[in-house]
Amino acid sequence: MKILEIAYKPPEFGGGIERFVNGLSKYLTLNGNEVSIMISGTENKIYIKNNIKFIQIKVKFPYFKKLIYNIKLYFYVKKT
């Protein structure tokens, strides 16, 4: 099964929801699922770590990060 999770920061660096996403994604990959996590960052890139695909979206303004992130996420999901 393909699963897309959303976290504001890379899961290994955050607390709260990021910590939950990290544990859940590790569990899901161990059970044969393909997991992708969409995160915000300083550049647009895709990388794989511990069998988990990270889709990093570049955001520029710290006060508008969540708004920009949500808009970009909407268009990314709409395309796929």
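When reading the values below, keep in mind they use all heavy atoms of this one structure, side chains included, and skip hydrogens, waters and symmetry mates.
Annotation: side chain of Asn44 is in contact with side chain of Ile57 (closest heavy-atom distance under 4.5 Å).
With Val35 as the partner, the side chain to side chain contact (heavy atoms under 4.5 Å, CB included) test is satisfied by one option alone out of Leu28, Leu24, Asn50: Leu28.
Surrounding CG of Asn51 are at most 12 heavy atoms belonging to other residues, nucleotides or ligands under 6.0 Å away.
Taking each heavy atom of Glu43 and Gln56 in turn, the nearest pair found is O-NE2, 3.1 Å. Heavy atoms only, all atoms of each residue included: Ile46 and Lys53 are closest at CG2-CE, 3.6 Å.
Both tests do not hold together for Lys49 against Tyr47: distance to the six-membered ring centre under 6.0 Å, angle to the ring axis within 45°.
Under the 4.5 Å side-chain heavy-atom criterion for ILVMFWY residues, a single connected hydrophobic cluster contains both Ile37 and Met1.
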